[in-house]
Amino acid sequence: MNTISTQSHKTPYGELLLGSFNEQLCLCDWQYRRMRTTIDKRIQTSLAANYIEQNSDVINNTIVQLDEYFQQKRTQFDIPLLMAGTDFQQSVWNALINIPYSSTTSYLELAESINNKKAVRAVASANGANAMSIIIPCHRVIGSNGELTGYAGGLPAKKRLLKLEQR
């Protein structure tokens, strides 16, 4: 059986669970989110691997880059990503990566960006299934009316991340 190296990392915004597989980041997600079990099962099944708590170069590099982001010294991440999900989910996550730092977009605009404006709900669902919070910036997606909508790390964390990027 393959292994996914995992470590938890406390941030000023909440605790993250980080995971790497074959020198790529496959997990950077809120430790205490509601969908934790579902996300973990999807990643482990997709990669035919089990979680093992141990360090890796990718995890160490991710921690350095996250800390720089929280200190406002980094606006983009340079980490090799391994996205475990369907083709549709991956298309949404790739679109999320293209949302510039300190910008926001709506679920409708995100759906339009992948040429599928009728798939707003599916886009919102894929957004919610994102297992690489902050690195794949799903916190930058808001409701069409400008309201903050659901976030795996909780709305207070989403609000604080958006505020951090506005400074």
Side-chain angles (χ1 to χ4, degrees), residues 2 4 6 9 11 13-22 24-51 58 62 65-66 69 75-166:
N2 294 316
I4 298 166
T6 63
H9 177 59
T11 78
Y13 297 81
E15 195 169 332
L16 293 169
L17 179 62
L18 306 175
S20 71
F21 182 79
N22 289 349
Q24 293 176 296
L25 187 73
C26 62
L27 179 65
C28 176
D29 202 11
W30 302 100
Q31 180 77 54
Y32 302 108
R33 70 177 290 182
R34 200 173 51 230
M35 288 175 62
R36 176 81 279 130
T37 309
T38 307
I39 301 273
D40 292 342
K41 187 176 181 194
R42 182 187 78 224
I43 292 169
Q44 291 177 66
T45 301
S46 173
L47 301 176
N50 289 324
Y51 287 176
V58 172
T62 301
Q65 291 193 29
L66 283 168
Y69 167 82
T75 59
Q76 283 183 292
F77 296 95
D78 179 24
I79 297 164
L81 303 180
L82 177 59
M83 297 183 252
T86 65
D87 289 345
F88 179 79
Q89 286 172 325
Q90 290 185 36
S91 72
V92 172
W93 301 333
N94 279 311
L96 286 169
I97 291 170
N98 292 320
I99 302 169
Y101 182 87
S102 80
S103 299
T104 57
T105 193
S106 69
Y107 293 104
L108 176 60
E109 290 167 326
L110 195 58
E112 287 170 344
S113 79
I114 61 165
N115 300 316
N116 202 340
K117 70 179 183 192
K118 287 191 165 83
V120 176
R121 284 176 186 236
V123 163
S125 178
N127 199 52
N130 174 24
M132 286 190 257
S133 283
I134 303 171
I135 309 285
I136 297 178
C138 53
H139 62 278
R140 296 182 189 148
V141 182
I142 59 174
S144 296
N145 60 1
E147 293 286 315
L148 294 190
T149 51
Y151 184 59
L155 287 181
K158 181 174 187 164
K159 189 175 190 173
R160 289 179 61 216
L161 288 168
L162 291 172
K163 195 172 179 180
L164 169 81
E165 293 186 8
Q166 295 304 321

Q | Verdict with reasoning, Leu17 to Leu27, per side chain to side chain contact (heavy atoms under 4.5 Å, CB included) | A | CA-CA 7 Å; Leu17 179 62; Leu27 179 65; 3.7 Å; yes

Given side chains that start at C-beta, do those of [X] and [Y] come closer than 4.5 Å, heavy atoms only?
| X | Y | result |
| --- | --- | --- |
| Tyr151 | Ser133 | yes |
| Leu16 | Gln31 | no |
| Thr62 | His9 | no |
| Asp29 | Met132 | no |
| Ile4 | Leu47 | yes |

What pair of heavy atoms forms the shortest contact from [X] to [Y], and how long is it?
| X | Y | value |
| --- | --- | --- |
| Arg140 | Ile99 | NH1-O, 2.7 Å |
| Cys28 | Leu66 | SG-CD1, 4.0 Å |
| Leu155 | Thr149 | CD2-O, 2.8 Å |
| Gln65 | Asp78 | OE1-N, 2.8 Å |
| Ala131 | Ile43 | CB-CD1, 3.7 Å |
| Leu162 | His139 | CD2-O, 3.5 Å |

Under a 3.5 Å distance rule, please check whether [X] uses its side chain to pair with a backbone N or O of [Y] as donor and acceptor.
| X | Y | value |
| --- | --- | --- |
| Lys158 | Val141 | yes |
| Asn130 | Ile136 | yes |
| Arg34 | Ala152 | no |
| Gln90 | Gly85 | yes |
| Asn127 | Val123 | no |
| Ser125 | Arg121 | no |
| Asn116 | Glu112 | no |
| Trp93 | Ala126 | yes |
| Gln44 | Lys41 | no |

To the nearest 0.5 angstrom, please state how far the [atom1] atom of [X] sits from the [atom2] atom of [Y].
| X | Y | atom1 | atom2 | answer |
| --- | --- | --- | --- | --- |
| Thr45 | Asp40 | OG1 | CG | 10.0 Å |
| Met83 | Ser91 | CE | OG | 10.0 Å |
| Leu148 | Leu161 | CG | CG | 11.0 Å |
| Thr75 | Glu165 | OG1 | CD | 9.0 Å |

(Q) With side chain to side chain contact (heavy atoms under 4.5 Å, CB included) as the criterion, how do Leu96 and Leu110 come out once you've worked through the C-alpha distance, each side chain's angles and the decisive distance to 0.1 Å? (A) CA-CA 8 Å; Leu96 286 169; Leu110 195 58; 3.7 Å; yes

Q. So, Tyr13 and Trp30: side-chain donor and acceptor under 3.5 Å apart, yes or no?
A.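 No - no donor-acceptor pair under 3.5 Å links their side chains.
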
**Q.** Neighbour count >12 (heavy atoms, 6.0 Å) for atom CD, Gln76
**A.**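 Count not over threshold, so no.
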
Q) Tyr107: what forms a ring-ring contact (aromatic ring centres under 6.0 Å, His included) with it, not counting sequence neighbours? A) none

Q: Assess whether side chain to side chain contact (heavy atoms under 4.5 Å, CB included) is satisfied between Thr105 and Ile142, documenting all intermediate values.
A: CA-CA 6 Å; Thr105 193; Ile142 59 174; over 6 Å; no

Q. Is the Tyr69 ring parallel, tilted or perpendicular to the Phe77 ring (thresholds 30°, 60°)?
A.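 Ring orientation of Tyr69 relative to Phe77: tilted.
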
